[in-house]
Amino acid sequence: MTIMEIKERDPLLIEQLLEVWQSSVKATHLFLADGEIEEIKGYVPQALKGIAHLIVAENESRLPAAFMGIEGHRLEMLFLLPDERGKGLGKKLIRYGIDNYGINEVAVNEQNPLARGFYEHIGFRVYKRTEQDEQGNPYPLLYMRLNSRS
């Protein structure tokens with residue numbers, strides 16, 4: 001697995017990352033209906049093009065297996081192909097982000113307890129909860145900060 005920051009975000013890469021995003025969301029965001037996933041999917045390419053730091057993990061075939069987006073010191077997105085879950089890649093990406101970009105904050109959907117557990121395992125702790133997501137939808141968010149002792 002190769003981890004690298006991507007500067008050139010060409011249409012092929014965006015399409016490949018969109019596929020990673022969609023398969024990841026379908027596997028982890030069980031609280032979203034298919035129609036909601038399709039609606040959100042329309043915004044993902046712009047988010048991928050606009051994020052300050054786009055970090056991609058490529059597999060042995062040089063295809064994206066996972067990616068994360070970082071803005072400031074906040075992890076804005078982390079998505080892995082379902083087959084890559086549970087193998088340490090997510091943790092490897094987060095550690096890369098902490099070491100190279102100073103990640104110390106993340107927001108997760110409350111209805112995604114596996115994500116919360118993942119970040120807590122790494123050392124993040126909830127400091128705030130909202131009733132709605134950042135788009136005003138009825139999906140509570142948990143805002144987490146990295147424990148400085150981690």
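- In this structure, CD in Glu38 is found 7.5 Å from CG in Asp34, a value given to the nearest 0.5 Å.
- Interatomic distance, CE of Met68 versus OH of Tyr101, reported as 7.5 Å (0.5 Å rounding).
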Evaluation steps, side chain to side chain contact (heavy atoms under 4.5 Å, CB included), between Leu48 and Trp21: CA-CA 10 Å; Leu48 292 170; Trp21 176 87; over 6 Å; no
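- Nearest heavy-atom pair, Val20 versus Ala66, reported as atom, atom and distance to 0.1 Å: CG1-CA, 4.2 Å.
- Distance alone, capped at 3.5 Å, is enough to place a donor-acceptor pair between the Arg95 side chain and the Ile122 backbone.
- The cluster map of Ile, Leu, Val, Met, Phe, Trp and Tyr, joined by side-chain heavy atoms under 4.5 Å apart, puts Tyr143 and Val106 in different clusters.
- Shortest non-hydrogen contact noted between Leu80 and Gly90 is CD2-N, 3.6 Å.
- Closest non-hydrogen pair, Met1 versus Ala65, comes out as SD-CB, 4.0 Å.
- Residues Val108 and Phe118 fail the side-chain proximity criterion, which asks for heavy atoms closer than 4.5 Å.
- Distance CG/Leu141 to CD/Glu110: 9.0 Å, rounded to 0.5 Å.
- Side chain of Asp10 to main chain of Leu12: a donor-acceptor pair is present (N/O by atom type, distance under 3.5 Å, no hydrogens or angles).
- Side chains of Tyr119 and Leu142 form no contact here, defined as non-hydrogen atoms less than 4.5 Å apart.
- In this structure, the side chain of Arg125 does not engage the main chain of Asn147 through any donor-acceptor pair within 3.5 Å.
- For the atom pair CE of Met77 and CD1 of Ile55, the computed distance is 11.0 Å after rounding to the nearest 0.5 Å.
- With rounding to the nearest 0.5 angstrom, the NE2 atom of His53 is 13.5 Å from the CD1 atom of Ile6.
- Contact of the Arg74 side chain with the Ile103 side chain is not registered, since no non-hydrogen atoms from C-beta on lie closer than 4.5 Å.
- Cluster annotation: Ile14 is connected to Ile37 through the hydrophobic network of ILVMFWY side chains, with a link wherever side-chain heavy atoms come within less than 4.5 Å.
- A donor-acceptor distance shorter than 3.5 angstrom exists from the side chain of Asn100 to the backbone of Tyr96, with no hydrogens or angles considered.
- Across Arg9 and Leu13, no two heavy atoms sit closer than the pair CA-CD2, 4.3 Å.
- Side-chain contact check for Tyr43 and Gln135: no donor-acceptor pair (N or O, by modelled atom type) lies under 3.5 Å.
- Counting only distance, with no hydrogens or angles, the side chain of Asn109 and the backbone of Gln111 share no donor-acceptor pair below 3.5 Å.
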Between Leu114 and Arg85, does a side chain to side chain contact (heavy atoms under 4.5 Å, CB included) hold up when you go through it step by step?
CA-CA 11 Å; Leu114 292 176; Arg85 291 177 61 208; 3.4 Å; yes
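- Linking ILVMFWY side-chain heavy atoms closer than 4.5 Å, directly or via other members, places Phe67 and Leu63 in two distinct hydrophobic clusters.
- Smallest separation of non-hydrogen atoms from Met144 and Arg116: CE-O, 4.0 Å.
- Comment: Arg129 engages Glu131 in a salt bridge, judged by a side-chain N to carboxylate O separation of less than 4.0 angstrom.
- The minimum heavy-atom distance between Glu71 and Gly50, with the atom names listed, is OE1-O, 4.2 Å.
- How far CG of Leu81 is from CD of Gln22: 12.0 Å, rounded to the nearest 0.5 Å.
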